[in-house]
Amino acid sequence: MTDPDTPVLDNHLHLDPDNGRGLAAVDDFRRMGGTHLIVVNKPSWHLGQDVEGGEEFRPVFDRTLDVVAEAADRLPGTAWPVLGVHPGLVTRLVDDRGLSPERAGDLMIEGLELAADYVAEGEALGLKSGRPHYDVPEAVWEASNRVMRRAFSLGADLDCAVQLHTEESEDLTVVAGWAEETGLPAHRVVKHYASGRLAGPTPSVMSEKDWLQEAAERGDPFLMETDFVDDPDRPGAVLGPKTVPRRVDWLEAEGHAEAIRTAHVETPRLVYGVDTEATLDPGGENG
């Protein structure tokens, strides 16, 4: 098991205390040596919230803050929330609800602006946005890019990171350039569900061994994640909460101690401005 003095951060997972494993997943993570979590709110529709306006994202965000506070109390480090609007919502609004792409984009921006209020108040660490990873009509694609650009401008105003859910790609330099046009540095843009190679944003690498091997050998800043979905209807989806600590052990056995420090100490500081070492109490359950 990982040295208890070593921070171990899962950069992107979801917790559903009402319908999923919730805090039991946090306990699994901790028992395997995990210390820190970045918890992203689940898509609004997963929590039974059919939003009509920006303010209706609030129950989703508040429930996320509640479970993050409970998770932090169970960890030797801590947990932070990242709040925002899943880009897949645009399809539900357009295809299922009959909204125009422009109106759907406006509604999603309202949700992002509410999430930004939580960041401004110090209650959330960053924002989540992006664009669909599947084919959509051009008007929907344009609306999604408009939403993402607004997330970047909010991130620049707040000096906070923006996590992205996007299509599979190893080159998002254009997207990173959009962020920099707003004043948000490219390294504060994080591509969730990244492989081991990415140009532009900071990659949050899915904890598959081959991708982690490539990221470790490249030597660039990167994070590690599971994208644990905590959905009882998809029990085997993506990776489980024990995976990041196990992969840290594997990286150590492979001689990648420097990469472990990069992913769990240096890159979190670079991207989010957090100190995983200072918030770690190896002898306790709450940093």
Side-chain angles (χ1 to χ4, degrees), residues 9-23 25-26 29 36-72 75 78-93 104 107-133 144 147-148 150-152 154-155 158 160-166 189-193 204 223 225-234 237-239 241 271-272 274:
L9 168 72
D10 187 333
N11 179 66
H12 185 111
L13 85 167
H14 308 278
L15 295 174
D16 187 342
D18 302 311
N19 305 298
R21 298 195 63 227
L23 296 173
V26 177
F29 174 74
H36 294 75
L37 293 171
I38 291 181
V39 181
V40 182
N41 63 272
K42 294 191 75 171
S44 54
W45 63 88
H46 284 191
L47 298 181
Q49 194 68 20
D50 191 13
V51 294
E52 299 283 350
E55 186 63 26
E56 292 180 26
F57 286 90
R58 190 177 296 277
V60 177
F61 296 160
D62 286 345
R63 192 69 186 101
T64 303
L65 296 187
D66 290 344
V67 72
V68 168
E70 293 180 84
L75 294 169
T78 192
W80 296 280
V82 164
L83 303 179
V85 180
H86 193 287
L89 179 60
V90 70
T91 298
R92 291 178 173 265
L93 295 174
L107 193 155
M108 294 169 72
I109 285 173
E110 290 176 20
L112 279 172
E113 290 173 345
L114 178 62
D117 289 343
Y118 285 80
V119 177
E121 294 297 321
E123 296 181 289
L125 187 62
L127 300 173
K128 171 189 175 177
S129 186
R131 61 191 184 191
H133 64 275
S144 299
V147 172
M148 183 167 56
R150 180 56 177 149
F152 294 152
L154 291 168
L158 295 163
C160 76
V162 176
Q163 281 202 24
L164 296 182
H165 176 115
T166 74
V189 179
V190 179
K191 176 171 168 41
H192 133 73
Y193 210 115
S204 182
L223 298 152
E225 68 165 80
T226 57
D227 190 26
F228 174 63
V229 297
D230 204 7
D231 184 345
D233 294 331
R234 301 168 62 203
V238 202
L239 299 176
V271 171
Y272 300 109
V274 298

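No hydrogens, no waters, no symmetry mates; every other heavy atom, side chains included, goes into these values.
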Does the side chain of Arg63 reach to within under 4.5 Å of the side chain of Pro17, using non-hydrogen atoms? yes
Within a strict 4.5 Å, meaning less than it, do heavy atoms of the Pro241 and Arg21 side chains meet? yes
Correct closest heavy-atom pair for Phe228 and Ala25 would be CE2-CB, 3.6 Å
Are Tyr118 and Leu65 close enough that some pair of their side-chain heavy atoms sits under 4.5 Å apart? yes
If you define the side chain from C-beta out and look only at heavy atoms, does anything of Phe29 sit under 4.5 Å from Thr226? no
Are the side chain of Lys42 and the backbone of Val229 linked by a donor-acceptor contact shorter than 3.5 Å? yes
Distance-only, no hydrogens or angles: does the Asp231 side chain make a donor-acceptor pair with backbone N or O of Gly20 under 3.5 Å? no
Between His133 and Thr166, what is the shortest heavy-atom contact and its length? CB-O, 3.5 Å
Verdict with supporting geometry, His36 and Val274, side chain to side chain contact (heavy atoms under 4.5 Å, CB included): CA-CA 11 Å; His36 294 75; Val274 298; over 6 Å; no
Pair Leu164-Phe152, side chain to side chain contact (heavy atoms under 4.5 Å, CB included): steps then yes or no: CA-CA 10 Å; Leu164 296 182; Phe152 294 152; 3.9 Å; yes
Are Glu113 and Arg150 packed together at the side-chain level, in the sense that at least one heavy-atom pair is separated by less than 4.5 angstrom? yes
So how far is it from Asp10 CG to Ser204 OG, rounded to the nearest 0.5 Å? 8.0 Å
Please report the shortest heavy-atom distance between Ser129 and Ala151, naming the atom on each side. CB-CB, 3.5 Å
Whether His12 side chain and Asp227 backbone form a donor-acceptor pair below 3.5 Å: no
How long is the gap from CD on Glu123 to CG on Asp62, to the nearest 0.5 Å? 8.0 Å
Side-chain (Gln163) to main-chain (Asn11) donor-acceptor, under 3.5 angstrom: yes
Atom CG in Leu114, atom CD in Glu110: separation rounded to 0.5 Å? 10.0 Å
According to the interplanar angle, ranging from 0 to 90°, do the rings of His165 and His192 count as parallel (below 30°), tilted (30 to 60°) or perpendicular (above 60°)? tilted
Provide the closest heavy-atom pair for Ala120 versus Leu158 in the form atom of the first, atom of the second, distance. CB-CD2, 3.7 Å
Supply the atom-to-atom distance Asp117 CG to Arg58 CZ, rounded to the nearest 0.5 angstrom. 7.0 Å
Where do Gly155 and Val162 come nearest, in terms of heavy atoms and distance? CA-CG2, 4.2 Å
Any heavy-atom pair between the side chains of Val82 and Leu127 that's under 4.5 Å? no
Taking the side chain as every heavy atom from C-beta outward, state whether Leu15 and Val26 have any pair of such atoms under 4.5 Å apart. yes
Quick one: does Asp230's side chain have a donor or acceptor within less than 3.5 Å of a partner on Asp16's backbone? yes
Determine the minimum heavy-atom distance between Leu125 and Cys160, stating which atoms define it. O-CB, 3.8 Å
Can you name the salt bridge (Lys or Arg N to Asp or Glu O under 4.0 Å) partners of Glu70, sequence neighbours left out? none
Side-chain heavy-atom pair Leu83, Phe57 within 4.5 angstrom cut-off: no
